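Keep in mind it's a predicted model, so treat the numbers as computed, not measured.
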Amino acid sequence: MTGTGVVPRRSLASLAAARLEKTVSADAVRHNLAVLRAAAGGRRIMPVLKGDAYGLGAPALADLLVAAGVPALAVDTVAEGAVLREHGIGVPILVMDVDVADNAEACARYRLMPAVAGPEQVGRHSAVARRRGEPVTAWLRTNVGFNRFGPREERDVDAVLDGLHRARAAVRVAGVFAHLSSSATDPGETAEQAEVFRARVGRARAVLGGHLTASLAATHGLLHPAALRGTDWVRPGLGLHGLLLPGSRDLPGWAGSGLGRLRPAVAVRARVLDLLTVTRAEGLGYDRSAAVAPGRRLATVAIGFSRGLTGPAPAFTGLLRGRSCPMVGRPGMDCAQFDVTAVPDARPGDWMTLLGPERTGEGAARGGGPVRTAADVGAELGLTLYELLAALRMPVRLEGATPAAQGDDEAAAPP
């Protein structure tokens, strides 16, 4: 505490982290980056840190990735890119979503590379560049079937290219990128979209210059030879954390990809706050709709719906001292109850593991013990793996990084 009675920010963050936390293994992320580089076959890697790196702490992960030699990063919004710049990240940063016109000035000020997908967007960034007296570097975002940004019809693509050609003194286009819609599930559709993308890149190069680079594949795109043909940059997100969507092993490029060596990097755990032995048959929580039999022992655990725990009981479970413990009743805002009758030595202050391997102490994982996989947790909560990482909102700690890259600030995962 300072002389003014104000608690330092990092100390405040530690109050929340003492109750629950997400940890990200720096060693696992470095390993996964090496696996992805090998799978990319010499193509450059542009890690995606959108949504605060899926809720895992973008500034600390950016430090780690830049130290490991990545030449560029990608985010969704100008605000996310500005956070990384304020943190001291100097590599090129692509803003993948088409942001609002009000943010175009800040995009240029923070030296971010905006996505442009239509003539109006070309115009806004061109106007900013002329006001500032210096060109803006942008990427052309083309729509090959994802249908979220940009024109689908060829005549409309030509209109964007024409606008970029006329604005070429103010808007310098570095590359062309697109999103695949079904790269985790559908090889046929992915191959069709890859063919459209290659044709669009060829047209863009004919109009804007052969220097343009191209980016189509993200993590699951690495499993499609068609998506890699003509791709200069790979934009992994989920794969950095060692996660792949179900069915990945059935895709055509799995056998030679090496992605089977990815390691899960994320763990989530929460403290047992209190224990209660039920003495009569009755409900619990706000609506007391869940009946609990006499003699059951319940642990109140420091995670609730404000932190992303929304699954119905008893589908969701946690690990405590090597035993699976089902949730009982509906979660509250900051705590939920789990049946720990099978764990007679449970005590307040114990850590319950909600995702990842259980730990015996503050560091080591249980050798050969139970693991809460992301696939299982996502299924219990009704979330995709992408949604799961971002939904579990809590302090994040990057394990095994240098002190400067540690990310245990509560601001890294806003509630």
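Side chain of Arg393 to main chain of Ala391: a donor-acceptor pair is present (N/O by atom type, distance under 3.5 Å, no hydrogens or angles). The main-chain N or O of Thr384 is found under 3.5 Å from a side-chain atom of Glu387 such that the two form a donor-acceptor pair. Distance alone, capped at 3.5 Å, is enough to place a donor-acceptor pair between the His31 side chain and the Arg261 backbone. Using a distance-only test at 3.5 Å, with no hydrogens or angles considered, a donor-acceptor pair links the side chain of Lys22 to the main chain of Gly55. Remark: side-chain polar atoms of Arg85 are paired, donor with acceptor, to backbone N or O of Tyr110 under 3.5 angstrom. Distance alone, capped at 3.5 Å, places no donor-acceptor pair between the Asp99 side chain and the Asn103 backbone. No donor-acceptor distance shorter than 3.5 angstrom exists from the side chain of Ser182 to the backbone of Thr185, with no hydrogens or angles considered. Formation of a donor-acceptor pair under 3.5 Å by the Ser248 side chain with backbone atoms of Leu245 is found in this model. With hydrogens and angles ignored, the 3.5 Å screen pairs no side-chain donor or acceptor of Thr317 with any backbone N or O of Pro326. Remark: the backbone N or O of Val292 is not paired with any side-chain donor or acceptor of Glu282 at under 3.5 angstrom.
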Exercise for review: Take Leu298 and Val340 through the test side-chain contact (heavy atoms from CB on, under 4.5 Å) and record every step on the way to the result.
Suggested key: CA-CA 6 Å; Leu298 306 181; Val340 296; 6.0 Å; no

Check your understanding: Could you go step by step and tell me if Asp334 and Ser306 meet the side chain to side chain donor-acceptor pair (under 3.5 Å) rule?
Key -> CA-CA 6 Å; Asp334 287 297; Ser306 71; 3.0 Å; yes

Point to revise | Verdict with reasoning, Thr142 to Arg200, per side chain to side chain donor-acceptor pair (under 3.5 Å) | key: CA-CA 8 Å; Thr142 191; Arg200 296 259 176 96; 2.9 Å; yes

Practice item. Check step by step if side-chain contact (heavy atoms from CB on, under 4.5 Å) holds for Thr373 and Val377. Key: CA-CA 6 Å; Thr373 70; Val377 175; over 6 Å; no

**Study point:** side-chain contact (heavy atoms from CB on, under 4.5 Å) assessment of Cys335 paired with Ile303
**Key:** CA-CA 4 Å; Cys335 63; Ile303 183 171; over 6 Å; no

Exercise for review: Start with the C-alpha gap between Leu309 and Met327, add the side-chain angles, then the distance that decides, and say whether side-chain contact (heavy atoms from CB on, under 4.5 Å) holds.
Suggested key: CA-CA 10 Å; Leu309 183 57; Met327 187 171 73; 3.8 Å; yes

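With a 4.5 Å cut-off on side-chain heavy atoms, Leu223 and Ser257 count as touching. Counting heavy atoms from C-beta on, the side chains of Leu49 and Leu65 come closer than 4.5 Å. For the pair Glu189 and Leu180, the minimum side-chain heavy-atom distance is 4.5 Å or more. Side-chain atoms of Asp350 and Arg271, non-hydrogen and from C-beta on, never get closer than 4.5 Å to each other. Side-chain contact between Leu243 and Leu389 is present, with heavy atoms from C-beta onward closer than 4.5 Å. Counting only heavy atoms from C-beta outward, the side chains of Thr277 and Leu275 never approach each other to under 4.5 Å. In this structure the side chain of Phe316 reaches within 4.5 angstrom of the side chain of Leu381, judged on heavy atoms. Side-chain contact check for Leu244 versus His220: some heavy-atom pair is nearer than 4.5 Å.
Minimum interatomic distance between Val301 and Ala270 (heavy atoms only, all atoms of both residues): CG1-CB, 3.7 Å. Between Ala62 and Leu73, the shortest heavy-atom contact is CB-CD1, 3.9 Å. When all heavy atoms are compared, the tightest approach of Leu354 to Gly318 is CD2-CA, 4.1 Å. For Cys325 against Val343, the heavy-atom pair with the smallest separation is SG-CG2, 3.8 Å. Residues Ala18 and Trp351 share a closest heavy-atom pair of O-CH2, 3.7 Å. For Val136 against Ala129, the heavy-atom pair with the smallest separation is CG2-CB, 3.7 Å.
Listed by chain and residue number, nothing satisfies the salt bridge (charged side-chain N to carboxylate O under 4.0 Å, His left out) test with Arg297 (two or more places apart in sequence, or in another chain).
Here the straight-line distance linking atom OG1 of Thr190 with atom CD of Glu195 works out to 13.0 Å at 0.5 Å rounding. Of the inter-residue distances, the one linking Arg307 atom CZ with Thr310 atom OG1 reads 14.5 Å to the nearest 0.5 angstrom. With values rounded to the nearest 0.5 angstrom, Arg330 atom CZ is found 13.5 Å from Gln337 atom CD. Residue Ser181 holds its OG atom at 7.5 Å from CG of Asp186, rounded to the nearest 0.5 Å. Atoms SG and CZ, on Cys107 and Arg124 in that order, are 10.0 Å from each other to the nearest 0.5 Å. Summarising the geometry, atom CH2 belonging to Trp233 is positioned 15.0 Å from atom CG belonging to Leu216; distances are rounded to the nearest 0.5 Å.
Remark: Arg131 engages Glu105 in a salt bridge, criterion side-chain N to carboxylate O under 4.0 Å. Residues Arg372 and Glu358 are not paired through a salt bridge, judged by the lack of any N-O separation under 4.0 Å between the basic side chain and the carboxylate. With respect to the salt-bridge test (charged N to carboxylate O, under 4.0 angstrom), the residues Arg269 and Glu21 qualify. Between Asp27 and Arg30 a salt bridge is recorded (basic side-chain N to carboxylate O distance below 4.0 Å). Taking a cutoff of 4.0 Å between a charged side-chain nitrogen and a carboxylate oxygen, Asp97 and Arg148 do not qualify as a salt bridge.
Within the structure, side chain to side chain donor-acceptor pair (under 3.5 Å) pairs that include any residue of residues 234-246 comprise His179-Arg235, Ser215-Arg235 (at least two apart or interchain).
In this structure, Arg141 fails the cation-pi test against Phe197, since its NZ or CZ atom is not both closer than 6.0 Å to the six-membered ring centre and inside 45 degrees of the ring normal.
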Taking only distance into account, with no hydrogens and no angle test, what donor-acceptor pairs under 3.5 Å do side-chain atoms of residues 32-48 form with protein atoms, sequence neighbours excluded?
residue, atom, partner, partner atom, Å
Asn32, OD1, Arg263, N, 2.8
Asn32, ND2, Ala28, O, 3.1
Asn32, ND2, Leu240, O, 3.0
Asn32, ND2, Arg263, O, 2.9
Arg37, NH1, Ala68, O, 3.2
Arg37, NH2, Ala68, O, 2.9
Arg43, NE, Leu228, O, 3.2
Arg43, NE, Thr231, O, 3.0
Arg43, NH1, Ala40, O, 2.7
Arg43, NH2, Leu228, O, 3.1

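Leu56 pairs in a side chain to side chain contact (heavy atoms under 4.5 Å, CB included) with only one of the listed residues (Thr23, Val29, Leu61), which is Leu61.
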